[in-house]
Number of protein chains: 2
Amino acid sequence: MSTPRRRTRQREAVAALLQERTDFRTAQQIHADLREAGAGVGLTTVYRTLAVMAEAGEVDMLLGEDGEARYRACSAGHHHHLVCRSCGFTVEVTAAPVERWARRMAEQHGFTDVAHTVEVVGLCPACSRRGALPTGPA
Amino acid sequence: MSTPRRRTRQREAVAALLQERTDFRTAQQIHADLREAGAGVGLTTVYRTLAVMAEAGEVDMLLGEDGEARYRACSAGHHHHLVCRSCGFTVEVTAAPVERWARRMAEQHGFTDVAHTVEVVGLCPACSRRGALPTGPA
DNA sequence: CCACTAACGACAACCATTTTCAATAAGTGA
DNA sequence: TCACTTATTGAAAATGGTTGTCGTTAGTGG
């Protein structure tokens with residue numbers, strides 16, 4: 001059923017860029033990064049490639065507070081993120097207590113086929129130190 | 001500093017509608033609901049009113065999996081949601097274990113000014129029973 | 001009742017994301 | 001290596017939620 005995936009220059013480029021980045025980036029940013037790096041990839045292709053990779057579980061996708069999708073290559077397996085709202089610095093964390101809580105909550109209310117999202121945003125050590133602001137005034 | 005809030009027909013209408021609803025709805029849906037109910041309110045106004053109410057903590061706003069903002073009048077105080085992905089039925093839940101976990105995680109990694117979002121989506125008892133699908137076919 | 005200005009709302013502008021569709025180029029078997 | 005199939009690309013146009021513009025309307029305090 002699933003279409004065979006072809007190995008192309010564009011997909012390699014996106015994957016490679018994602019490898020060296022440790023923060024969550026939007027499709028638009030990735031598109032700009034690639035252009036800047038010389039390896040131009042169409043915006044449409046960036047979107048499609050990210051969708052395919054997300055589908056395959058090769059990247060994690062999360063929606064920012066502004067509704068924009070952000071992507072990042074992550075380790076396999078279920079985990080959550082601690083994200084700096086100023087610089088995008090990300091730490092992967094596991095959350096056993098949360099998993100248990102979610103499962104129990106679902107059972108308690110008769111919900112089935114549950115999934116959960118947990119994101120913790122704040123200021124990373126570096127940004128806290130320099131008194132960074134979410135969307136700094138002037 | 002904050003502008004004095006005026007009591008208008010439109011804001012009353014939005015607030016009233018939100019009171020009788022127990023599910024999360026998009027601004028567009030609310031706009032349609034109001035029109036249908038006879039009390040027409042401009043789409044722009046719906047957006048602004050919801051923004052004001054969210055700011056004031058009178059409604060909870062969360063972004064759906066598609067990036068669309070959804071609103072719902074909730075009880076005051078910090079809490080999370082258990083949402084049915086098929087019918088929108090919502091249950092408010094508190095999550096002490098999660099709060100503790102988030103706080104500890106933040107400390108451990110030196111993050112400050114942290115906030116967290118926790119959403120659990122699944123199928124409510126009624127929808128599980130009838131074998132509902134996320135985005136039902138036909 | 002008046003003045004002041006918050007609030008309204010039709011419409012245009014924004015902008016991330018998706019669709020369209022003709023041109024390309026992986027992968028494959030001969 | 002050479003056709004051949006079809007996944008992939010990408011420029012441009014379409015979509016659609018949300019926000020900005022700006023002249024008009026209408027709360028509210030005096």
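All values derive from a computational prediction rather than experimental measurement. Chain letters run A, B, ... following the sequence lines, proteins first and then strands; every chain starts at 1. All values below were derived from every heavy atom in this structure, side-chain atoms included, with hydrogens, water molecules and symmetry-related copies excluded.
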Base, sugar-phosphate or nothing for [X]? Non-hydrogen atoms, less than 4.0 Å.
{"X": "A/Arg7", "result": "sugar-phosphate"}
{"X": "A/Gln10", "result": "sugar-phosphate"}
{"X": "B/Arg9", "result": "sugar-phosphate"}

Find the distance [X]:[atom1] to [N]:[atom2] and express it as a whole number of Å.
{"X": "A/Asp66", "N": "C/dC14", "atom1": "CG", "atom2": "P", "value": "18 Å"}
{"X": "B/Glu65", "N": "D/dG17", "atom1": "CD", "atom2": "C1'", "value": "17 Å"}
{"X": "B/Arg35", "N": "C/dC8", "atom1": "CZ", "atom2": "P", "value": "16 Å"}
{"X": "B/Met61", "N": "D/dT19", "atom1": "CE", "atom2": "C1'", "value": "13 Å"}
{"X": "A/Ile30", "N": "C/dT17", "atom1": "CD1", "atom2": "C1'", "value": "14 Å"}
{"X": "A/Gln29", "N": "C/dC15", "atom1": "CD", "atom2": "P", "value": "15 Å"}
{"X": "B/Tyr71", "N": "D/dG17", "atom1": "OH", "atom2": "C1'", "value": "10 Å"}
{"X": "A/Glu68", "N": "C/dA16", "atom1": "CD", "atom2": "P", "value": "5 Å"}

Within the pair [X] and [N], is there a side-chain N or O less than 4.0 Å away from OP1 or OP2?
{"X": "A/Thr8", "N": "D/dA7", "value": "no"}
{"X": "B/Arg11", "N": "D/dG27", "value": "no"}
{"X": "A/Tyr47", "N": "C/dT18", "value": "no"}
{"X": "B/Arg5", "N": "C/dT5", "value": "no"}
{"X": "A/Thr45", "N": "D/dG10", "value": "yes"}
{"X": "B/Arg6", "N": "D/dG29", "value": "no"}

Pairwise side-chain contact, B/His79 with B/Asp60, heavy-atom cut-off 4.5 Å (strictly under):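 In contact.
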Pairs touching residues 32-50 of chain B that satisfy salt bridge (Lys or Arg N to Asp or Glu O under 4.0 Å), sequence neighbours left out: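 Matches after skipping sequence neighbours: B/Arg25-B/Asp33.
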Distance flag, aromatic centroids of B/His116 and B/His80, threshold under 6.0 Å: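 When the ring centroids of B/His80 and B/His116 are compared, they turn out to be within the sub-6.0 Å range.
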Aromatic ring proximity, centroids under 6.0 angstrom, A/Phe24 and A/His81: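 Yes, close enough.
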Nearest-nucleotide comparison on DNA chain C, the residue closer to the 5′ end among A/Thr26 and B/Thr49: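 By nearest-heavy-atom nucleotide position, the 5'-most residue is B/Thr49.
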5' precedence on DNA chain C between B/Gly40 and A/Leu43 (nearest-nucleotide basis):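 First, find each residue's nearest nucleotide; the 5'-ward one identifies B/Gly40.
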Option from A/Glu92, A/Glu20, A/Glu58 for which salt bridge (Lys or Arg N to Asp or Glu O under 4.0 Å) with A/Arg72 holds: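 For A/Arg72, the salt bridge (Lys or Arg N to Asp or Glu O under 4.0 Å) check succeeds only for A/Glu92.
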